[in-house]
There are 2 protein chains.
Amino acid sequence: MINTLFLPELREMLDEDQTQELKEFCTALHPAKTAEFMEGLNEAEMWQVLQHASPSLQAEIFHYFPWDRKVDLLRTQDDKQVATLVTSLPADDAVDLLQEVEESRVDQILVLVPAADRRDIRRLQSFPEGTAGAIMTTEAACLSENYTLKQALEELSRQAERLETIHYIYVTDDINHLRGVVSTRSLVSAIGKPEKRLGDLMKKDVVTVNVRDDQEQVAQCVAHYNLMAIPVVDDQYHMMGIITHDDVMDVVREEATEDVQRIAAVEPLDDSYMRTPVSVLSWKRGIWLTILFLAGLLTAFLLQSYNDELEKHAWLVLFIPLIISSGGNTGSQSSTLVITALALKDVAQSDWLTIIKREALMGMILGGFLAAIGFGCAIMLAPSVIAASVIPITVLLVVVCGACTGSMLPLIFQRLGLDPALMSNPFVAGISDILGLLIYVNVSVLVLR
Amino acid sequence: MINTLFLPELREMLDEDQTQELKEFCTALHPAKTAEFMEGLNEAEMWQVLQHASPSLQAEIFHYFPWDRKVDLLRTQDDKQVATLVTSLPADDAVDLLQEVEESRVDQILVLVPAADRRDIRRLQSFPEGTAGAIMTTEAACLSENYTLKQALEELSRQAERLETIHYIYVTDDINHLRGVVSTRSLVSAIGKPEKRLGDLMKKDVVTVNVRDDQEQVAQCVAHYNLMAIPVVDDQYHMMGIITHDDVMDVVREEATEDVQRIAAVEPLDDSYMRTPVSVLSWKRGIWLTILFLAGLLTAFLLQSYNDELEKHAWLVLFIPLIISSGGNTGSQSSTLVITALALKDVAQSDWLTIIKREALMGMILGGFLAAIGFGCAIMLAPSVIAASVIPITVLLVVVCGACTGSMLPLIFQRLGLDPALMSNPFVAGISDILGLLIYVNVSVLVLR
């Protein structure tokens, strides 16, 4: 929804070149709201308005534009203007944006960016997506341990505008090894002792991540230690950059979405649903759909081999969809519960015996209840009460089996080093279809003969 | 996994009452690690070690204990000791913990807590779970706008130990109305002008949440505005407390887990999988399983009404599970993609036409591919090639219908004011079973007659 409330005023200000009013518009509101009010403007107008904000505020407002508008803005403005913008953005955001611009133009733009920023951007570009290196920013406050608290506070004051976060000062030696960390909280607490040195105040036990670590690991670490930002180091413990809590929040959301998509048997999308082309979506869905379809074909051949039985007792056919879906639904409940519990570290591999006992018990309770309902209906459709008893017996067994396989598969996949979310539900669906039919036919044979 | 590395040393320190060493153990490491090394101790030992840390550090270390150990510690120690601990904890954490203690003992403990803290705890206890009021903390830095920056910094320094976060100073008037906010960043930036007043520096456009707002709304707001903490106000704009980014991260994880569970047709659990009793789990799964089972029973009666057709062409039975699961799998892919896109605000109600066009197209691509495989197998099992063509036609139609209903149901549920995650997948499963059979039987009638 585009907010058009201020559009006429904004356009008038631009037409009449009301510099003072435009400056006030840029500074008065939270940058997120400023961005919202600007969304109705075209790219050239947006650009004109942005010129009235300081570079750091420009970057902040720009941050809140929808992604498509950001890309459009980059595409329509000339290289020099884009270079100014890129320079003011945090390096990690600049890298993300430049991915949307053709390779040849990226070079033309980067030539116009100051050498230090260009180097940062080039370095970040070299880290593979999904690693700590790719989501870190290089703008951290790094000071020597010989700084007094007074000097540190002054230095922080000078850099505050430029830094992505000022919650920690990282203490480094002269070859950029990370030595310790001082939180702004302890700096502020110690404000009465301005002559103390950073080296006296710093915590040496710093929680760090390696530049090659997976972003999910980073997110877990930040959440576990309750950090505002985490420093990223290389193998020699050189300070490379920091990852801030807002980037971590994005990772948490991204990973949660991926898990949900995997559970529904879709290969996770790299981009949003609307921006992913139909061809890519078809491919990411098609892989699993085909695997599941092949499992489904097995059920056809399985039924074929029990043809005689089915022809003798034609009424059995009526309950095939019911039996299969009971097992599948129970199984997907169990596997989802175990997958989410594994992700939250509520359960571990060693709990498998407890889990299977609980699932078997739940399977009996749930299966028993459904069996009772099923029996009531089966009496109406089956030729005799004894024949009808095939249905409740099968439902009970299928639900118990569904609960047990559904809960064990994620543990098995994790043990094998595979992502439990990736594999479990499609497998549970496939296995419960086949297992369900096998149980059904065998129970029928036992009861009806 | 319990870390036993330091256990012998710790026990020796306790036995020999080595105060100095124990103090160092408490302060040297990150509190999360200190907590980890203490996990192997029994409750009495844990308590003894904690006595060597300052109250605020005690609270920090305690924060990182596993939930069960926290509760055990509370249950085994006497009221006076628990009261000391409760006083040092942030009020929101204290409330969560006290929920685990019997009502009568809570009163005994709270009597021993200083009046101000007791009042905070009592107030937080009065807000319903899942609201901003229930997850906020009352320990925020609130100062008058007449403070100079120098005074403000000194005051912040004095309170830094006690406050949950020092990233923002909230400016309030004498009846506690929220007037503005000053970030520590701008305070530090302006350190060269110590005589300026907070009132000059503050931003008046404060992003707030109401004390009764839903916690998911709070999380979205914090993420959208990229905040470290958000102030909570009542209807009269009185400052009630703040919600910090780590509490928001917990909410994001919690809500993501709930969505995943809903998608798998489980009523979200209030507690972890392992701590939820089997009876509660059975109930939370049983509701949806029963609804799905009843939908499954409909398929039995539906098949019954097409009995003649099925008896004439018995081979049709073989493909029933395949047809049904193709529709169900495609539908659950589509609904999950739309549910996650809605949650991330990638799509809106107004996009429905684009979505259905994309889904129909994808349905044709995926359905066409599966139909080709299905035709190959059907030729082997059906009496003639013409008869076999029932399968590909049905698969194509079922997949297209699955994609369209799966993508539209979440939008419809959202439009009706219902949670799209809650309803969609069970409905998709039920509808695709029935729709699949209807399409199958009607296609057969048309082709085979």
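What you see is a predicted model; the values in this text were computed from it and never measured. Basis for what follows: all heavy atoms, side chains included, without hydrogens, waters or symmetry-related copies. In what follows, chains carry the letters A, B, and so on, assigned in the order in which the sequence lines appear, proteins first and then strands, with residues in each chain numbered from 1.
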Legend entry - Closest approach of A/P321 to B/L437 (non-hydrogen atoms, all atoms of both residues): CG-CD1, 4.4 Å

Legend entry - Salt bridge present between B/K150 and B/E155 (N-O < 4.0 angstrom): no

Inset, instruction - Counting only heavy atoms closer than 4.5 Å, note whether B/D433 contacts chain A via side chain, backbone, both or neither. - result: side chain

Inset, instruction - Identify the two heavy atoms, one from A/A219 and one from A/V248, that lie closest to each other, and give their separation to 0.1 Å. - result: CA-CG1, 3.8 Å

Inset, instruction - Heavy-atom distances under 4.5 Å only: say whether B/F293 touches chain A with side chain, backbone, both or neither. - result: both

Legend entry - Nearest heavy atoms of B/P268 and B/Q261, plus distance in Å: CA-OE1, 3.4 Å

Inset, instruction - Output the option from B/N329, B/I323, B/L294, B/T27 having the highest count of non-hydrogen pairs under 4.5 Å with chain A. - result: B/N329

Legend entry - Which atom of A/C221 lies closest to which atom of A/V207, heavy atoms considered: SG-CG1, 3.6 Å

Legend entry - Under 4.5 Å from any heavy atom of chain B - which part of A/M228: both

Inset, instruction - Quick one: which of B/L298, B/T336, B/L302, B/L361 has the most heavy-atom pairs under 4.5 Å with chain A, could you say? - result: B/T336

Legend entry - Which atoms of B/S282 approach chain A - backbone, side chain, both or neither, heavy atom under 4.5 Å: both

Inset, instruction - Please state whether the side chain, the backbone, both or neither of B/L156 comes within less than 4.5 Å of a heavy atom of chain A. - result: both

Inset, instruction - Dump the intermediate steps for side chain to side chain contact (heavy atoms under 4.5 Å, CB included) on B/W283 and B/E267, then the final yes or no. - result: CA-CA 9 Å; B/W283 171 248; B/E267 276 291 302; over 6 Å; no

Legend entry - When B/K203, B/H167, B/M249 are compared by non-hydrogen pairs under 4.5 Å with chain A, the top option: B/H167

Legend entry - Contact origin within A/L297 toward chain B - heavy atom pairs under 4.5 Å: both

Legend entry - NZ/NE/NH1/NH2 to OD/OE distance under 4.0 Å, A/E255 and A/R262: no

Inset, instruction - In plain terms, say whether B/R158 and B/E154 are close enough for a salt bridge, that is, a side-chain N and a carboxylate O under 4.0 Å apart. - result: no

Legend entry - Structural part of A/Y306 lying under 4.5 Å from a heavy atom of chain B: neither

Inset, instruction - Can you measure from CE (B/M380) to CZ (A/F301) and round to the nearest 0.5 angstrom? - result: 4.0 Å

Inset, instruction - Could you tell me which portion of B/A314 (side chain, backbone, both or neither) has an atom closer than 4.5 angstrom to a non-hydrogen atom of chain A? - result: side chain

Inset, instruction - Report the option among A/V317, A/N226, A/I373, A/L310 that has the most heavy-atom pairs separated by less than 4.5 Å from atoms of chain B. - result: A/N226

Inset, instruction - Of all the heavy-atom pairs spanning B/I355 and B/S407, show the shortest one and how long it is. - result: CG2-CB, 3.9 Å

Legend entry - Among A/V347, A/L289, A/V399, A/T330, residue most engaged with chain B (heavy-atom pairs, under 4.5 Å): A/L289

Legend entry - Residue A/T290 versus chain B: region with a heavy atom under 4.5 Å: both

Legend entry - Considering all heavy atoms, the nearest A/A429-A/L292 contact: CB-CD2, 4.2 Å

Inset, instruction - Go through B/A300, B/S350, B/S186 and name the one with the most non-hydrogen pairs under 4.5 angstrom from chain A. - result: B/A300

Legend entry - Top contributor to chain B contacts, counting heavy-atom pairs under 4.5 Å, from A/I324, A/T340, A/L337, A/V260: A/L337

Legend entry - Proximity breakdown for B/L187 and chain A, heavy-atom pairs closer than 4.5 Å: neither

Inset, instruction - Measure from the side-chain N and O atoms of B/S432 to the backbone N and O of B/G402, and report whether any donor-acceptor pair falls under 3.5 Å. - result: no

Legend entry - Winner by heavy-atom pair count (cut-off under 4.5 Å) against chain A, out of B/S325, B/A341, B/S272: B/S272

Inset, instruction - Go through the atoms of B/S334 and report whether side chain, backbone, both or neither lie under 4.5 Å from a heavy atom of chain A. - result: both

Legend entry - Region of A/A348 in contact with chain B, defined by heavy-atom distances below 4.5 Å: neither

Inset, instruction - Could you tell me which portion of B/V252 (side chain, backbone, both or neither) has an atom closer than 4.5 angstrom to a non-hydrogen atom of chain A? - result: side chain

Legend entry - Max heavy-atom pair count under 4.5 Å with chain B, selected residue of A/G296, A/S189, A/A256: A/S189

Inset, instruction - Name the option with the most non-hydrogen atom pairs under 4.5 Å to chain B; the candidates are A/N307, A/L227, A/D346. - result: A/D346

Legend entry - Interchain contact, B/H224 with chain A, by part (heavy-atom threshold 4.5 Å): both

Legend entry - Which residues share a ring-ring contact (aromatic ring centres under 6.0 Å, His included) with B/Y225, sequence neighbours left out: A/H30

Legend entry - From A/L381 atom CG to B/Q304 atom CD, the distance as rounded to the nearest 0.5 Å: 5.0 Å

Inset, instruction - Check side-chain hydrogen bond (donor to acceptor under 3.5 Å, both in side chains) between B/E311 and all other residues, then give those that pass, not counting sequence neighbours. - result: none

Legend entry - Engaged part of B/A295 at the chain A interface, taking heavy atoms whose separation is under 4.5 Å: neither

Legend entry - Interatomic spacing from OH in B/Y64 to CD in B/E60 - rounded to 0.5 Å: 6.5 Å

Legend entry - Under 4.5 Å from any heavy atom of chain A - which part of B/F369: side chain

Inset, instruction - Please state whether the side chain, the backbone, both or neither of B/I365 comes within less than 4.5 Å of a heavy atom of chain A. - result: side chain

Legend entry - N/O donor-acceptor pair under 3.5 Å between B/Q333 side chain and A/R285 backbone: yes

Inset, instruction - Heavy-atom pairs under 4.5 Å with chain B are the metric here; pick the option from A/T299, A/D259, A/L281, A/T354 that has the most. - result: A/L281

Legend entry - Top of B/V395, B/D351, B/L370, B/T257 for chain A proximity - count of heavy-atom pairs under 4.5 angstrom: B/L370

Legend entry - Under 4.5 Å from a heavy atom of chain A, the part of B/S183 involved: neither

Legend entry - A/L29, part contacting chain B, at a heavy-atom distance under 4.5 Å: both

Legend entry - Which atoms of B/I191 approach chain A - backbone, side chain, both or neither, heavy atom under 4.5 Å: both

Inset, instruction - Calculate, to the nearest 0.5 Å, the distance between atoms CG and OG1 belonging to A/L153 and A/T184 respectively. - result: 9.0 Å

